[in-house]
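Each residue takes its place number in the sequence, starting with 1. Since the structure is predicted, the reported quantities are computational estimates derived from the model, not experimental observations.
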Amino acid sequence: MADIWWKADPHDLHRIVDRVSSVYAERSHLDRDENAVVIVNKRQTVRLPAAMIAVVLLGPGTRVTHGAIRLLADSGTAVCWVGEQGVRMYAAGLGPARGAGLLHRQAWLVTRPKERLAVARAMYGMRFPGEDVSTATMQQLRGREGTRIRRLYREHARRTGVPWDGRVYKAGDAFAAGDDLNRLLSAANAALYGICHAVIVGIGASPGLGFVHTGSAISFVLDIADLYKAEYTIPLAFDLMAKGLPEERDARLGLRDLVAGTKLLARIVADIKTLLAAEGTETDTPAAGELWDERLGAVPSGVNWGDDRTSPAEAAFPGPETASLPASMGDQHIAVIGPEFEEPDSDQRTSG
């Protein structure tokens with residue numbers, strides 16, 4: 001009987017010195033070895049200290065044990081089940097550090113018109129480098145963005161020689177309307193939404209609390225994805241059409257390669273934190289939950305508040321044993337991809 005390859009003894013190939021922003025696994029088996037996650041495939045075995053990973057992205061062909069998931073959850077590491085190279089997100093687990101600090105900050109900003117407008121201006125400012133948007137209204141910003149996008153379409157049409165007759169999109173069915181170029185744009189944008197969604201959930205923000213977009217469960221996903229369309233999906237769609245590659249799969253694979261080559265995941269993490277976390281703002285919360293108090297702000301949970309021996313002051317200001325240090329997140333992205341699955345031989349296909 002052939003050896004079961006995924007039960008092979010793990011050996012160290014990569015040690016992570018600093019916490020990385022994401023680890024992507026495809027066609028591999030994930031297991032637990034003490035306090036490390038071991039990613040095994042027929043090509044290599046990679047051992048990763050669980051507490052040093054911010055987000056684990058599980059791609060096609062991965063199998064994961066209960067022990068590995070429990071370790072990642074205990075380490076405050078997010079787990080997302082995604083498509084190839086993260087281009088679609090299917091499900092997600094807990095976010096890192098178990099804290100709601102970034103989510104609270106996002107909710108605070110989006111519910112205050114002045115602060116929300118400031119974040120929206122910052123988003124548009126990322127799209128208009130060198131331009132002053134500090135006094136622009138949302139209507140003015142939308143107009144400038146529309147003009148910019150139309151200009152980009154015309155420039156890429158001239159560059160590639162691909163005819164452009166305007167953007168056609170049918171809400172709810174991105175591939176039911178428009179020509180091949182429009183369908184490529186829709187496919188690439190859908191893949192980009194999946195990438196942004198995975199990152200947003202992974203770092204503990206809300207995909208539904210948007211600043212420019214509103215009313216959708218993925219409003220913030222649309223906000224963040226819009227930051228990168230001019231650089232990624234629009235030129236990609238025109239390039240694919242110029243090469244005679246009009247299929248949806250071509251757009252997904254093309255974007256996948258661009259994402260991996262330019263380390264977009266790490267860039268998205270940094271951009272979201274820049275937008276939401278003001279300088280000096282602490283977004284990490286203690287690992288243990290707290291209870292809201294209208295006067296003190298927050299008091300510890302896990303305390304019997306009917307016990308006279310516990311004073312509010314002692315409980316509200318616990319000793320150093322309850323403190324937790326915020327985990328840092330680097331700008332790295334690691335991908336562990338196993339070899340293509342082997343096709344069974346003809347005898348195996350016809351047996352049974």
**Q** Is any side-chain heavy atom of Val38 less than 4.5 Å from a side-chain heavy atom of Leu30?
**A**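 No, too far: nothing below the 4.5 Å cut-off.
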
**Q** Can you name the nearest heavy-atom pair linking Ala237 to Leu185, along with the distance?
**A**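 In terms of heavy atoms, the two residues are closest at CB-CD2, 3.5 Å.
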
**Q** So, Thr45 side chain and Asn41 main chain: donor-acceptor pair closer than 3.5 Å or not?
**A**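 No: the side chain of Thr45 does not pair with the backbone of Asn41.
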
**Q** How long is the straight-line distance from CD1 of Ile200 back to CD1 of Ile268, given to the nearest 0.5 Å?
**A**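 Answer rounded to 0.5 Å: 8.0 Å.
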
**Q** Restricting to salt bridge (charged side-chain N to carboxylate O under 4.0 Å, His left out), what partner residues turn up for Arg154, sequence neighbours left out?
**A**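 For Arg154 there are no salt bridge (charged side-chain N to carboxylate O under 4.0 Å, His left out) partners, ignoring immediate neighbours.
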
**Q** Looking only at non-hydrogen atoms, find the nearest pair between Ser219 and Gly215 and report the distance.
**A**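 Of all heavy-atom pairs spanning Ser219 and Gly215, the closest is OG-N, 3.6 Å.
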
**Q** Quick one: list whatever passes salt bridge (charged side-chain N to carboxylate O under 4.0 Å, His left out) with Arg159, sequence neighbours left out.
**A**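 Scan of Arg159 (salt bridge (charged side-chain N to carboxylate O under 4.0 Å, His left out), adjacent residues dropped) gives Asp239.
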
**Q** Kindly say whether Asn182 contributes a backbone atom to a donor-acceptor pair with the side chain of Asp179 at under 3.5 angstrom?
**A**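 Such a contact is found between Asp179 side chain and Asn182 backbone.
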
**Q** For Thr137, give me all partners under side chain to side chain contact (heavy atoms under 4.5 Å, CB included), at least two apart in sequence or on another chain.
**A**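 Result, side chain to side chain contact (heavy atoms under 4.5 Å, CB included) vs Thr137: Gln139, Gln140.
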
**Q** Measuring only between side-chain heavy atoms, which start at C-beta, is Trp164 closer than 4.5 Å to His156?
**A**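 In short, these two side chains do not touch, never coming nearer than 4.5 Å.
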
**Q** If the condition is side-chain hydrogen bond (donor to acceptor under 3.5 Å, both in side chains), which residues does Tyr232 pass it with, not counting sequence neighbours?
**A**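 Checked Tyr232 against side-chain hydrogen bond (donor to acceptor under 3.5 Å, both in side chains); matches are Thr262.
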
**Q** For Asn189, give me all partners under side-chain hydrogen bond (donor to acceptor under 3.5 Å, both in side chains), at least two apart in sequence or on another chain.
**A**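 Counting only residues at least two positions away or on another chain, Asn189 forms a side-chain hydrogen bond (donor to acceptor under 3.5 Å, both in side chains) with Thr233.
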
**Q** Can you list everything that forms a side chain to side chain contact (heavy atoms under 4.5 Å, CB included) with Asp226? Sequence neighbours excluded, please.
**A**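 Asp226 satisfies side chain to side chain contact (heavy atoms under 4.5 Å, CB included) with Arg127, His213, Lys229 once adjacent residues are dropped.
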
**Q** So how far is it from Arg267 CZ to Glu231 CD, rounded to the nearest 0.5 Å?
**A**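 Reported value, rounded in 0.5 Å steps: 4.0 Å.
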
**Q** Report yes or no: does Ser28 contribute a side-chain atom to a donor-acceptor pair with the main-chain N or O of Glu26 at less than 3.5 Å?
**A**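 Looks like yes, one N/O pair under 3.5 Å.
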
**Q** Measure up the Phe220 and Phe211 rings against each other and bin them: parallel (under 30°), tilted (30 to 60°), perpendicular (over 60°).
**A**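 The rings of Phe220 and Phe211 stand perpendicular, inter-plane angle above 60°.
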
**Q** Evaluate side chain to side chain contact (heavy atoms under 4.5 Å, CB included) for Arg144 paired with Glu131, printing each intermediate quantity in order.
**A** CA-CA 11 Å; Arg144 289 167 67 174; Glu131 297 186 30; 2.4 Å; yes

**Q** Output all residues satisfying salt bridge (charged side-chain N to carboxylate O under 4.0 Å, His left out) with Glu247, sequence neighbours left out; order by chain, then residue number.
**A**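 Applying salt bridge (charged side-chain N to carboxylate O under 4.0 Å, His left out) to Glu247 gives none.
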
**Q** Could you grab the distance from atom CG of Leu184 to atom CG of Leu245, nearest 0.5 Å is fine?
**A**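 Interatomic distance, Leu184 CG to Leu245 CG, rounded to 0.5 Å: 8.5 Å.
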
**Q** Can you name the nearest heavy-atom pair linking Pro60 to Tyr24, along with the distance?
**A**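 What the structure gives for the nearest pair is CD-OH, 3.7 Å.
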
**Q** Just how far is it from atom NZ of Lys273 to atom CZ of Arg105, taken to the nearest 0.5 Å?
**A**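 Between atom NZ of Lys273 and atom CZ of Arg105 there are 13.5 Å.
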
**Q** Which heavy atom in Tyr153 sits nearest to a heavy atom in Phe238, and how many Å separate them?
**A**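 Heavy atoms only, the tightest pair is O-CZ, 3.7 Å.
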
**Q** Is Pro163 close to Met241 at the side-chain level, that is, under 4.5 Å between some pair of heavy atoms?
**A**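 Side chain of Met241 against side chain of Pro163, heavy atoms only: no contact under 4.5 Å found.
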
**Q** Is there a side-chain contact between Pro246 and Arg183, using heavy atoms and a 4.5 Å cut-off?
**A**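 No, every pair of side-chain atoms sits at 4.5 Å or beyond.
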
**Q** Has Gln106 got a side-chain atom pairing as donor or acceptor with Leu276's backbone, closer than 3.5 angstrom?
**A**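 No, Gln106 side chain to Leu276 backbone: no donor-acceptor pair under 3.5 Å.
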
**Q** Filter on side chain to side chain donor-acceptor pair (under 3.5 Å), then keep only pairs touching residues 109-120, sequence neighbours left out; what's left?
**A**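 Listed once each, the pairs would be none.
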
**Q** Do Leu253 and Ile195 belong together in a cluster built from hydrophobic side chains that touch within less than 4.5 Å?
**A**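 No, separate clusters.
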
**Q** With a 4.5 Å cut-off on side-chain heavy atoms, are Val37 and Val64 touching?
**A**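 No. Closest side-chain heavy atoms not under 4.5 Å.
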
**Q** Roughly how far apart are Cys196 SG and Asp223 CG, rounded to 0.5 Å?
**A**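 Rounded to the nearest 0.5 Å, the SG-CG separation comes out at 10.0 Å.
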
**Q** Can you name the residues that form a side-chain hydrogen bond (donor to acceptor under 3.5 Å, both in side chains) with Thr65, not counting sequence neighbours?
**A**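 By the side-chain hydrogen bond (donor to acceptor under 3.5 Å, both in side chains) rule, Thr65 matches Asp31.
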
**Q** Between Ile224 and Leu275, is there a side-chain heavy-atom distance shorter than 4.5 Å?
**A**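 A side-chain contact exists here, since the closest heavy-atom pair is under 4.5 Å.
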
**Q** To check you understand the geometry: which heavy-atom pair defines the closest contact between Pro235 and Ala230, and what is its length?
**A**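 Taking Pro235 first and Ala230 second, the nearest heavy atoms are CD-O, 3.3 Å.
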
**Q** Report yes if the side chains of Ile39 and Val23 come closer than 4.5 Å at any heavy-atom pair, otherwise no.
**A**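 Yes - at least one pair of side-chain heavy atoms lies under 4.5 Å apart.
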
**Q** Going by the rule side chain to side chain contact (heavy atoms under 4.5 Å, CB included), which residues pair with Met138 if we only count those two or more places apart in sequence or in a different chain?
**A**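 Met138: side chain to side chain contact (heavy atoms under 4.5 Å, CB included) contacts with Leu117, Ala120, Tyr124, Leu141, Arg142, Val212.
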
**Q** Gly204 and Leu103: which non-hydrogen atoms are nearest, and at how many Å?
**A**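 Minimum heavy-atom separation between Gly204 and Leu103: O-CB, 3.6 Å.
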
**Q** Counting N and O atoms only, with roles assigned by atom type, does the side chain of Arg121 sit under 3.5 Å from a partner on the main chain of Ala136, one being a donor and the other an acceptor?
**A**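 Yes: the side chain of Arg121 pairs with the backbone of Ala136.
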
**Q** Applying side chain to side chain contact (heavy atoms under 4.5 Å, CB included), name anything that partners Asn35, two or more places apart in sequence or on another chain.
**A**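 In terms of side chain to side chain contact (heavy atoms under 4.5 Å, CB included), with neighbours along the sequence ignored, Asn35 is linked to Arg32, Leu71.
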
**Q** Residues two or more places apart in sequence or in another chain: which of them pass salt bridge (charged side-chain N to carboxylate O under 4.0 Å, His left out) with Asp165?
**A**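 Applying salt bridge (charged side-chain N to carboxylate O under 4.0 Å, His left out) to Asp165 gives none.
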
**Q** Nearest 0.5 Å please: distance from the OG1 atom of Thr214 over to the CG atom of Leu209.
**A**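 Answer for the OG1-CG pair, Thr214 versus Leu209, is 9.0 Å.
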
